[in-house]
Structure formats: structure tokens, C-alpha cells
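Working notes, beginning with the structure itself.
As the structure is a prediction and not an experimental result, all values here were calculated from the model.
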Amino acid sequence: MDAPRWVLHVDLDQFIAAVEVLRRPELKGQPVVVGGSGDPTQRAVVATASYEAREFGVHSGMPLRTAAKRCPDAVFLPADGPAYEAASAQVMETLREFPVVVEVMGWDEAFVETHTDDPESVAREIQDAVRERTRLACSVGIGDNKLRAKLATGFGKPAGVFRLTEDNWWDVMGDRTTDALWGIGTKTARKLTDLGIHTVKELAAADPYALADRLGPTMGPWFRRLARGADNSPVVGTPYVPRSRSRETTFQQNLTDWDVVRTEIVGLARRVAEDVRSEGRPAVRVGVKVRFAPFRTLTRSVGLPAPTSDVAAIEAGALAALEKFESRRPVRLLGVRAEFETT
DNA sequence: TCTGGGGTCCTAGGACCC
DNA sequence: TCTGGGGTCCTAGGACCC
């Protein structure tokens, strides 16, 4: 009677590039690179590259300058946040029309929990609905939990469906390197290699005490559970409650005048204060981030005397945090962050 | 590879208190 | 005052993700 629980992970294909191609059909089939202000000589990185651009080795996170070297004929476009937000909202609205729980994970992805005997059919229906409503293609991962659904999506791209469960976990994942797991990056993978652990299978069988010793009491055992595909976290449909709000800027030319640094911090603090006000909850702590040239990043923060959404108080907090820095070396980036109370 | 912007969570050291 | 042990809070940094 009760149909089994399935988690679907819905992920738009080359989302940002796809939105751009929709409003400029002449770009279809061309290498498109979106990021920064669209000027590849600026300090900025690739937000999304179309599949055609990826053929040239261009990928997200890569400096635009590098992308331009690898693919000089690519069309470079500025990132247009509001346009992507609008497209994303349409997609999420479409998902919510199904009798499912939707957890939004970002502009271009969401988890969907459903109870059905035929998850592939639900996945296809979702793909059709999204394509019909937004003209965007998505891939869907099907899993018996969120972790497996998320990893499954990668095997379904582009525009496909893939199911990853306890049954095929070892066949699909066992021999892959540990960084194939969601939550293991290059740093952790390297530490694991030092322990003689290279593959998912090896991590799953590793000594939990050795892992805890090297990677921490929480993270060590958690990585081992990841390698087994274990995850009992729920799909959460309730609105997301942010823990912090922040603003930061990388300057095209490093700042050398500390008066200018102070002015910029005040500007960022005002923007953050606006975000705090619109959040409707007071901030309890304010932090400042400084990236000195060439690339050393330091942070300092202060607790506020009392929880507040007041612009002047947040400004004063940011300036107090800034005063904690001793170095006056050239500055590449400045950021201001406000933290809300944790409940 | 001359390395964005917006987030989350964990860890570790020192301060402080009993 | 040659000095233990445990708990908690604050702060900075690191890793990861989209």
C-alpha cells in the first residue's frame, strides 16, 4: 500500500549558459562563457561554460583570463544574477506543482522527496514539465537517500536519468577515487592518500580510529559513512533560515591607501546592514575579511554589544574588526559579514 | 590556474572559571 | 605560589559546496 520513499536530485544542465542561449538563440552551439562583467581581461572567474566551451578545457571557477587563452573564440558574457534568479524561481515553482517535498539547494538544483513505485517515471515527468515551462533541460538523479541521488545526477548528464542505490553502489562507486564523493575535495583526498586510502571501497573499509585521528572526531567517521553511501538526512521543505549574510569585492587594482580601505569597508557594511534588515532578525557579530596581495586571506570579528539591525552599529562593528588588522600591505579583496543568533 | 561571491560546518587554541 | 583537571566561550582558520 505504502509506496517506497525516493529522493530525486534535479539539476539543470549548464544552467547559466542555457539561460543566456535562450535569450540569444544565435549563440546555440557556440562556446559560451559567463562570468564577471564579461571582460576576460578582468579579475573574475567563470560562472558557467557551455558544453561547447568545456570541450576546450574551460570550466567553472577558472579565471576568465585562462578561459580566454584556452578558447579565444568563446563568447564572453557578464553574469546577470536577476535573470538566473527568475529562471530558477520558475523551475522551483514547477517542481512544487508535483505532490512532493522540495528542498532548494541553489539556483540550479533541488532535492525532491516522493513516494512511488516508479521513480523513473516521476523523473521523466519532472524533466518534461521543466522543459515545457522553462525550455531548460535538466538531469535527474534517483537515490534511496540524498547522497546517492546527488551523486547519481552526474551519471545522468546531460538531460538523462540515473538511479543509484544500495544495490549498485559498489559497482558504480567502489573503484572511484575518494574525491568523487560529495564532501571530499582535493585536500581531504590528499590526506586520505597519505593514509593509503585511494578509492571509495578502501575508505569504506578504513579503520575509523585512524580516520578520526587524522581528520577529526566528527569528520573522520563521517567520511567513512559517505564511502558507504549512508545518509539518513531528511529532505527539508521548510524555508531556509540563513546563519549569516555577507558582501565582498575583489578590486581590479589593489588598494594601498588605508583610508580607501576604511571607506570601502563602510560601504560593504551598509550593504550588509540592508541585508540584515530585510532578513528581519538582528545581527550578533560582525566580521571583516581582508585578502592581502598576492593572496593571503585573514579574518577578524567582533561581537556586537547587543543584537541589532542598526546600520550605524553594524558599520561601527565592521570598523572595529578592521582595526584588529596590523598589516597595511596592499589589499586585493575586502568583505563584511554579519552573523545571526544561532538558536 | 595569478585564482569571484555567497554560504555552511568543523577544528583547535586560548581565556576564563570553578 | 613551579602550579591539576574539566567545562565552556570566543576567535580564527580551513575545507567544502554552488
Check: Minimum heavy-atom separation for S88(A) to W107(A), with atom names?
Finding: OG-O, 2.7 Å
Next item on the list: May I have the distance from I184(A) (atom CD1) to dC9(B) (atom C1'), rounded to whole angstrom?
Entry: 15 Å
Next item on the list: Report yes if a side-chain nitrogen or oxygen of Y240(A) is closer than 4.0 Å to either non-bridging phosphate oxygen (OP1 or OP2) of dT8(B); otherwise report no.
Entry: yes
Item checked: Side-chain N,O (W222(A)) to OP1/OP2 (dC10(B)) below 4.0 Å -> no
Check: Pairing of DNA chain B as dot-bracket, 5' to 3': ( ) intra-strand, [ ] crossing, | other strand, . unpaired, with Watson-Crick or G-U pairs under 3.5 Å?
Finding: ....||||||||||||||
Next item on the list: Could you check how far CD of E339(A) sits from P of dT8(B), rounded to whole Å?
Entry: 9 Å
Check: At under 4.0 Å, does any side-chain N or O of R245(A) touch on OP1 or OP2 of dG6(B)?
Finding: no
Notebook entry, point to check: Are any of K324(A)'s side-chain N or O atoms less than 4.0 Å away from OP1 or OP2 of dA12(C)?
Noted result: yes
Notebook entry, point to check: By centroid distance (under 5.5 Å) and plane angle (under 30°), are F295(A) and dT3(B) in a stacked arrangement?
Noted result: yes
Notebook entry, point to check: How long is the line joining NZ of K191(A) and P of dA15(C), in whole Å?
Noted result: 6 Å
Margin query: Regarding R148(A) and D231(A), does a basic nitrogen lie under 4.0 Å from an acidic carboxylate oxygen?
Written below: no
Check: Hey, can you pull the residues of residues 148-157 of chain A with a non-hydrogen atom under 4.0 angstrom from DNA chain B?
Finding: none
Item checked: Phosphate-side-chain proximity, R285(A) and dC10(C), N/O vs OP1/OP2 below 4.0 Å -> no
Next item on the list: For R262(A), check side chain to side chain contact (heavy atoms under 4.5 Å, CB included) against everything at least two apart and list the hits.
Entry: W258(A), D259(A), L319(A), L322(A), E323(A)
Margin query: Using a strict threshold of under 4.0 Å (side-chain N to carboxylate O), is an ion pair present between E341(A) and R281(A)?
Written below: no
Check: For residues 296-321 of chain A, which residues have at least one heavy atom under 4.0 Å from DNA chain C?
Finding: L298(A), T299(A), R300(A), S301(A)
Check: Which nucleotide sits closest to the side chain of S244(A): dT11(B), dT3(B), dG7(B)?
Finding: dG7(B)
Notebook entry, point to check: Near DNA chain C, under 4.0 Å by heavy atom, which residues of residues 33-71 of chain A?
Noted result: none
Check: Does a nitrogen or oxygen in the side chain of S246(A) sit under 4.0 Å from OP1 or OP2 of dG7(B)?
Finding: yes
Check: OP1 or OP2 of dT3(B) less than 4.0 angstrom from a side-chain nitrogen or oxygen of R332(A), does that happen here?
Finding: yes
Notebook entry, point to check: For R124(A), which residues count as a side chain to side chain donor-acceptor pair (under 3.5 Å) partner, sequence neighbours excluded?
Noted result: Q127(A)
